[in-house]
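For ligands, and for the atoms within them, numbers begin at 1 and follow the listed sequence. We use all heavy atoms of the structure for the numbers below, so side chains are in, but hydrogens, waters and symmetry mates are not.
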Amino acid sequence: MVNELTVIVLAAGAGTRMKSKTPKVLHEVAGRSMVGHVLGVVRALEPSRVVAVVGHQRELVAAHVAELDPDAVVAVQEEQLGTGHAVRVAVEALGEVSGTVLVAYADTPLLRVESLRDLLAGHTAAGHAATILSGVVDDPFGYGRIVRGGDGGVSAIVEENDGDEATRRITEINSGIIAFDAAFLADVLPRLTDDNAKREFYLTDTVGLARRDGLTVGAVVVADSSEIEGANDREQLAAIGRELNRRVLSRWMLDGVTIVDPATTWIDADAELAADVTLLPGVQLLGATKVDQDAVIGPDTTLKDCEIGAGARVVRSHANLAAVGPGAEVGPFSYLRPGTVLGKGGKIGGFVETKNASIGDGAKVPHLSYVGDAEIGEGTNIGAGTIFANYDGVNKHRTVVGRHAKTGSNNTFVAPVTIGDGASTGGGTVVRGEVPAGALAVSAGPLRIIEGWALAKRPGTPQAAAAETAGERSSSHAATSAGDPSVGESSPGATQS
Ligand code: UD1
Ligand code: CA
């Protein structure tokens with residue numbers, strides 16, 4: 001059996017330099033919180049237990065951890081007395097530890113599971129009390145420096161504020177990620193003191209104590225030191241986000257996705273793309289967006305949690321929680337809101353907004369329309385400038401349009417509306433209620449004004465209150481405006497062209 005592994009993720013710090021009301025580890029890169037990236041990486045090691053240490057804004061961080069990783073133990077560090085204290089709190093929450101304990105920080109989203117595997121393999125093979133994941137960096141300022149003994153082993157980690165000139169010149173630094181022999185860790189934690197420049201209980205002091213006990217400490221140098229960089233401020237957060245994005249793009253390009261302009265393309269860690277997808281400049285694929293083969297997205301398109309079918313085309317559009325069928329066309333300048341489902345070969349054209357709308361196979365809403373709370377059957381064509389008026393000011397209602405219907409331009413469907421299979425409507429038609437299958441609906445007639453409607457039918461709403469105020473203000477003026485010649489007959493609805 002493999003050595004038992006416990007992982008402790010430290011996430012209690014304040015992250016003051018973020019200058020944010022959001023806890024540092026909940027800030028996102030590549031569509032996931034920083035702690036989410038770290039939890040994902042450590043879970044890939046298949047540890048028997050994961051503990052997250054929370055402190056600063058603990059309710060928010062604990063709730064987020066519980067959502068991402070319900071099996072993780074959450075340990076509360078009431079006061080942030082240092083990394084050594086945080087690990088002690090975690091070990092106390094576990095009760096007992098055996099095998100190997102890996103300590104990681106929640107703010108290093110670039111960490112790769114391969115590096116952790118190398119660290120654990122090196123640690124187990126050498127039988128060290130502790131093994132540090134170290135990195136060699138150009139600017140070691142602020143980090144704990146790795147002091148190596150004559151035997152090549154690590155004799156101490158010296159923090160920035162506690163080192164002399166010579167120590168500060170060392171460029172091998174402590175990433176903070178350390179593998180411990182569990183028995184050694186449980187024994188050493190109560191022996192840590194806060195006798196240092198920051199008056200904190202340093203986890204790094206375990207190294208000196210191990211040496212004093214006659215035990216050995218090793219360090220495994222990470223190949224790419226960018227992996228162990230933490231985000232302390234928003235500038236570093238952006239730099240880390242760019243690096244993560246570079247990695248994600250590189251992976252998809254190697255898997256057969258054409259990315260015309262990597263510099264302006266952003267793909268979240270959880271997005272999925274098939275081979276022969278083409279992404280034009282200025283595309284963002286966010287959340288759990290999936291794009292099937294031969295689809296072409298962009299330029300300048302944002303898709304969040306969307307599913308795009310094979311060979312579909314989405315041009316200069318914004319979509320959230322929408323599904324676009326194979327071979328369908330969207331855009332330019334379309335806005336697909338949650339619950340939009342466009343069938344195979346269908347079309348949502350320029351300046352069309354959709355919400356909670358299912359548009360059938362081959363059905364088209366080509367121009368300048370709003371389609372909300374609707375179902376449109378296959379092969380149907382919706383005329384330009386059609387509004388699905390789904391909201392009466394209080395409730396939302398549905399519109400159902402059948403198969404192969406042809407509706408005229410500038411229509412308004414005042415929901416609830418049903419338009420039957422193969423029906424037509426004339427230009428400028430306002431539909432209320434039902435149009436039977438195969439019928440032509442044309443609305444024309446004088447404009448009707450029903451005075452006092454808002455007060456009578458929507459009492460107690462802000463709409464009624466506004467009407468009442470307006471009525472009081474202009475009661476003297478009302479008598480003259482009733483005879484206004486502009487409030488006359490509207491032109492009859494033209495038939496569909
Ligand atoms: C720590 C290391 C340093 C290393 C550096 C790498 C120590 C004493 N120093 O320094 O050797 O080079 O990380 O980034 O370990 N935390 C808690 N509770 C606490 C204190 C910290 O959960 O009481 C968490 C923080 O949220 C953070 C991590 O531990 O994620 C590191 O703490 P921080 O105070 O930033 O340590 P550094 O001074 O950067
Ligand atoms: Ca730090």
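Checked by distance only, ligand 1 and Glu159 come closer than 3.5 Å through their nitrogen or oxygen atoms. For a threshold of 3.5 Å applied to N or O pairs, the pair formed by Thr83 and ligand 1 contains at least one separation below that value. Remark: ligand 1 and Gly13 share an N or O pair separated by less than 3.5 Å (distance only, no angle test). Below 3.5 Å of separation, one finds an N or O of Asn174 facing an N or O of ligand 1.
In this structure, CG on Asp300 lies 8.5 Å from CZ on Phe333, to the nearest 0.5 angstrom. Taken from CG in Leu203 to CG in Leu192, the straight-line distance is 7.0 Å, to the nearest 0.5 Å.
Here the shortest heavy-atom distance to atom 19 (C) of ligand 1, taken over Gly82, Pro140, Ala12, Ala11, belongs to Gly82. Nearest-heavy-atom check against atom 30 (O) of ligand 1 across Asn232, Val9, Leu10 picks out Leu10. Between the choices Glu229, Gln77, Arg88, Lys198, the shortest heavy-atom distance to atom 34 (O) of ligand 1 belongs to Lys198.
For the pair Leu133/Leu111, a side-chain contact is recorded, criterion being any heavy-atom separation below 4.5 Å from C-beta on. The shortest side-chain heavy-atom distance between Val38 and Val25 does not fall under the 4.5 Å cut-off.
Here is the list of ligand 1 atoms found below 4.0 Å of a heavy atom in Tyr202: 8 (C).
Under 4.0 angstrom from ligand 1, there are no non-hydrogen atoms of Lys24. At a heavy-atom distance under 4.0 Å, only side-chain atoms of Ala86, from C-beta outward, approach ligand 1. Proximity of Val53 to ligand 1, defined as any heavy-atom pair under 4.0 Å, is not found for any part of the residue. Residue contacts with ligand 1, taken as heavy atom pairs separated by less than 4.0 Å, do not involve Glu200 at all.
Side chain to side chain, His64 and Ser33 meet the donor-acceptor criterion of an N or O pair below 3.5 Å. At a cut-off of 3.5 Å, with distance as the only test, a side-chain donor of Asp224 or Ser226 sits close to an acceptor on the other residue. Donor-acceptor pairing under 3.5 Å is recorded for the side chains of His85 and Gln77.
Under a 4.0 angstrom heavy-atom cut-off, His85 registers as lying outside contact with ligand 1. Ligand 1 lies less than 4.0 angstrom from a heavy atom belonging to Ser175. Under a 4.0 angstrom heavy-atom cut-off, Leu81 registers as being in contact with ligand 1. The shell of residues lying under 4.0 angstrom from ligand 1, judged by heavy atoms, excludes His56.
Every residue two or more places apart in sequence or in another chain was checked for a side chain to side chain donor-acceptor pair (under 3.5 Å) with Ser358, and none qualifies.
Residues Asp268 and Arg32 are not paired through a salt bridge, judged by the lack of any N-O separation under 4.0 Å between the basic side chain and the carboxylate. A salt bridge links Arg112 with Glu227: at least one charged nitrogen is closer than 4.0 Å to a carboxylate oxygen.
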